[in-house]
Amino acid sequence: MTDLSREGTKAGGETGAAKVRIVLVDDHPVVRQGLARLINDEPDLCVCAEADSASAALEAIAKHKPDLAIVDISMGGSDGIDLVKDLRVRIPGMPALVLSMHDESLYAERVLRAGAKGYVMKQEAPEKVMTAIRRVLAGEVYVSEKISGRLLKAMSGTKGPPSESPLDRLSDRELQVFRLIGSGLSVREIAEKLKLSVKTIETHREHIKEKLNLKSSSELLRYSVQYGIETA
């Protein structure tokens with residue numbers, strides 16, 4: 001966890017209006033540095049802390065009480081969706097914005113169901129990232145126009161096109177296990193990372209195979225590795 005508190009201070013030590021405080025949760029230092037620079041360039045915003053895992057994020061949020069958390073989905077041994085769910089229970093009034101490399105068509109609705117107030121992809125231009133931050137801070141929900149249209153169709157009961165990815169059939173936990181399989185981890189390693197039993201991971205793996213219509217563990221491994229390559 002990195003403490004970056006310096007909000008509300010002008011040159012020469014004069015205290016001005018308090019800035020909106022943001023905590024960044026991402027396991028890539030370069031991503032955090034670039035995002036922090038973008039945010040700190042805004043006159044009314046500042047990054048008060050950074051964290052590279054869910055546990056470090058919870059510690060930072062308890063200490064600094066930020067106005068917004070910007071969270072990645074994949075963080076080594078942590079999962080951003082689990083963190084968003086945890087934050088919704090622990091600090092229901094604090095919004096979370098998910099910033100991720102993963103395809104929004106697969107993850108945007110998931111993170112909104114988990115309690116996040118927005119989803120933006122890392123590939124987007126800095127201006128769109130700032131728009132997402134501003135909208136979420138204003139109490140709005142931010143997703144791309146494409147996802148917004150899909151959500152409106154679902155709410156109105158209008159049938160849209162078939163699911164773009166068979167991975168939509170997976171639960172949040174199954175998708176997490178699927179990603180970890182693709183990263184080369186064994187069942188035992190996944191169990192240790194997620195603090196679950198080996199039997200539970202094996203059960204998830206069987207459900208994943210059934211939902212994706214895969215006949216063997218080797219097919220599952222190939223598919224999950226290919227998914228990891230395509231989203232890297």
Side-chain angles (χ1 to χ4, degrees), residues 1 24-32 35 50-60 69-90 96-116 119-123 163-232:
M1 179 181 71
L24 305 181
V25 189
D26 194 298
D27 62 347
H28 294 94
V30 172
V31 173
R32 295 199 309 270
L35 189 55
E50 299 176 8
D52 61 3
S53 67
S55 58
L58 291 173
E59 182 182 342
I70 299 180
V71 180
D72 190 11
I73 287 179
S74 303
M75 296 180 289
S78 324
D79 184 82
I81 295 180
D82 285 345
L83 175 58
V84 168
K85 291 176 180 177
D86 206 1
L87 290 176
R88 180 176 62 179
V89 173
R90 295 188 185 210
L97 169 66
V98 173
L99 176 68
S100 175
M101 67 178 180
H102 292 296
D103 188 353
E104 63 178 0
S105 64
L106 181 59
Y107 278 95
E109 291 182 57
R110 290 177 186 270
V111 302
L112 294 181
R113 286 198 302 266
Y119 189 95
V120 62
M121 295 182 68
K122 289 180 178 177
Q123 297 92 321
S163 172
E164 295 182 17
S165 170
L167 297 181
D168 283 337
R169 303 168 194 156
L170 304 184
S171 69
D172 292 343
R173 180 66 80 189
E174 288 165 353
L175 186 56
Q176 185 182 22
V177 171
F178 175 82
R179 286 202 321 265
L180 293 173
I181 291 172
S183 69
L185 298 185
S186 67
V187 167
R188 184 167 298 279
E189 289 170 329
I190 295 172
E192 290 174 358
K193 186 176 285 292
L194 300 182
K195 296 179 173 56
L196 297 171
S197 69
V198 169
K199 184 175 181 180
T200 297
I201 300 302
E202 288 176 340
T203 299
H204 284 314
R205 186 177 61 177
E206 291 307 307
H207 288 164
I208 293 168
K209 284 162 57 180
E210 290 173 11
K211 290 181 178 181
L212 299 183
N213 200 23
L214 301 173
K215 295 180 174 57
S216 66
S217 295
S218 58
E219 280 189 27
L220 172 58
L221 178 59
R222 284 197 298 271
Y223 188 19
S224 60
V225 169
Q226 182 59 39
Y227 169 78
I229 292 171
E230 290 173 354
T231 57

Participant: So which atom in Arg179 and which in Ser74 form the shortest heavy-atom distance, rounded to 0.1 Å?
Facilitator: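 Scanning both residues completely, I find the closest heavy atoms to be NE-OG, 3.3 Å.
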Participant: Identify the two heavy atoms, one from Ala54 and one from Leu83, that lie closest to each other, and give their separation to 0.1 Å.
Facilitator: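 Heavy atoms only, the tightest pair is O-CD1, 4.1 Å.
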Participant: Once ring-ring contact (aromatic ring centres under 6.0 Å, His included) is applied, do any residues pair with Tyr107, and if so which ones, sequence neighbours excluded?
Facilitator: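 In terms of ring-ring contact (aromatic ring centres under 6.0 Å, His included), with neighbours along the sequence ignored, Tyr107 is linked to His102.
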Participant: Suppose we screen for side-chain contact (heavy atoms from CB on, under 4.5 Å). Which residues come up paired with Glu219, at least two apart in sequence or across chains?
Facilitator: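 By the side-chain contact (heavy atoms from CB on, under 4.5 Å) rule, Glu219 matches Leu214, Lys215, Ser216, Arg222.
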Participant: Taking Leu99 as the fixed residue, which of Leu24, Val25, Val120 is the one that meets the side-chain contact (heavy atoms from CB on, under 4.5 Å) rule?
Facilitator: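 Testing each of Leu24, Val25, Val120 against Leu99, the sole residue satisfying side-chain contact (heavy atoms from CB on, under 4.5 Å) is Val120.
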Participant: Would you name the heavy atoms of Ala51 and Ala56 that are closest together and state the gap between them?
Facilitator: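 Answer, listing the atom of Ala51 first, then Ala56: CB-C, 3.7 Å.
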Participant: What is the minimum heavy-atom distance between Arg32 and Asp52, and which atoms define it?
Facilitator: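 Taking Arg32 first and Asp52 second, the nearest heavy atoms are NH1-CB, 3.7 Å.
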Participant: Report the distance from atom OG of Ser186 to atom CG of Leu180, rounding to the nearest 0.5 Å.
Facilitator: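 Ser186 atom OG to Leu180 atom CG measures 10.5 Å (nearest 0.5 Å).
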Participant: Hey, could you give me the CE/CG distance between Met121 and Asp103, rounded to the nearest 0.5 Å?
Facilitator: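 Rounded to the nearest 0.5 Å, the CE-CG separation comes out at 5.5 Å.
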Participant: Please test Leu194 against Val177 for side chain to side chain contact (heavy atoms under 4.5 Å, CB included), starting from the C-alpha separation and ending with a verdict.
Facilitator: CA-CA 9 Å; Leu194 300 182; Val177 171; 4.0 Å; yes
Participant: Salt bridge or not for Asp72 and Lys122, using N-O below 4.0 Å?
Facilitator: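 Salt bridge present between Asp72 and Lys122.
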Participant: CG/Leu221 to CD1/Ile181 distance, rounded to the nearest 0.5 angstrom?
Facilitator: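 Reported to 0.5 Å precision, the distance equals 8.0 Å.
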Participant: For the residue pair Val84 and Val111, establish whether any side-chain heavy-atom pair is separated by less than 4.5 Å.
Facilitator: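 Not touching, per the 4.5 Å side-chain cut-off.
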Participant: Begin with the C-alpha distance, continue with both residues' side-chain angles, and end with the deciding distance and a verdict on side chain to side chain contact (heavy atoms under 4.5 Å, CB included) for Ile208 and Leu175.
Facilitator: CA-CA 8 Å; Ile208 293 168; Leu175 186 56; over 6 Å; no
Participant: Considering only residues two or more places apart or on different chains, which pairs with a residue in residues 183-203 satisfy ring pair (Phe, Tyr, Trp, His ring centres under 6.0 Å)?
Facilitator: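 Every pair satisfying ring pair (Phe, Tyr, Trp, His ring centres under 6.0 Å) with a residue in residues 183-203: there are none.
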Participant: To check you understand the geometry: which heavy-atom pair defines the closest contact between Ser105 and Asp168, and what is its length?
Facilitator: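 Here Ser105 and Asp168 meet closest at O-OD1, 3.9 Å.
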Participant: Enumerate the residue pairs fulfilling ring pair (Phe, Tyr, Trp, His ring centres under 6.0 Å) with a member in residues 181-207, sequence neighbours excluded, ordered by first and then second residue.
Facilitator: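 Non-adjacent pairs meeting ring pair (Phe, Tyr, Trp, His ring centres under 6.0 Å): zero.
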Participant: When you compare the side chains of Gln176 and Arg173, does any donor N or O come within less than 3.5 Å of an acceptor on the partner?
Facilitator: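 Result is yes, a qualifying pair exists.
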Participant: Check salt bridge (Lys or Arg N to Asp or Glu O under 4.0 Å) between Glu206 and all other residues, then give those that pass, not counting sequence neighbours.
Facilitator: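 Expected list: Lys209.
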Participant: Any side-chain heavy atom of Ile190 within less than 4.5 Å of one from Arg205?
Facilitator: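 With C-beta onward as the side chain, the pair stays apart.
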Participant: Not counting sequence neighbours, list each pair that qualifies as a ring pair (Phe, Tyr, Trp, His ring centres under 6.0 Å) and has a residue in residues 167-189.
Facilitator: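 Pairs touching residues 167-189 that pass the test: Phe178-Tyr223, Phe178-Tyr227.
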Participant: With rounding to the nearest 0.5 angstrom, report the CE to CG distance, Met75 to Asp82.
Facilitator: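 So the gap between those two atoms works out to 9.0 Å.
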Participant: Does Leu212 reach the side chain of Leu170, with side-chain heavy atoms less than 4.5 Å apart?
Facilitator: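 Yes, side chains in contact.
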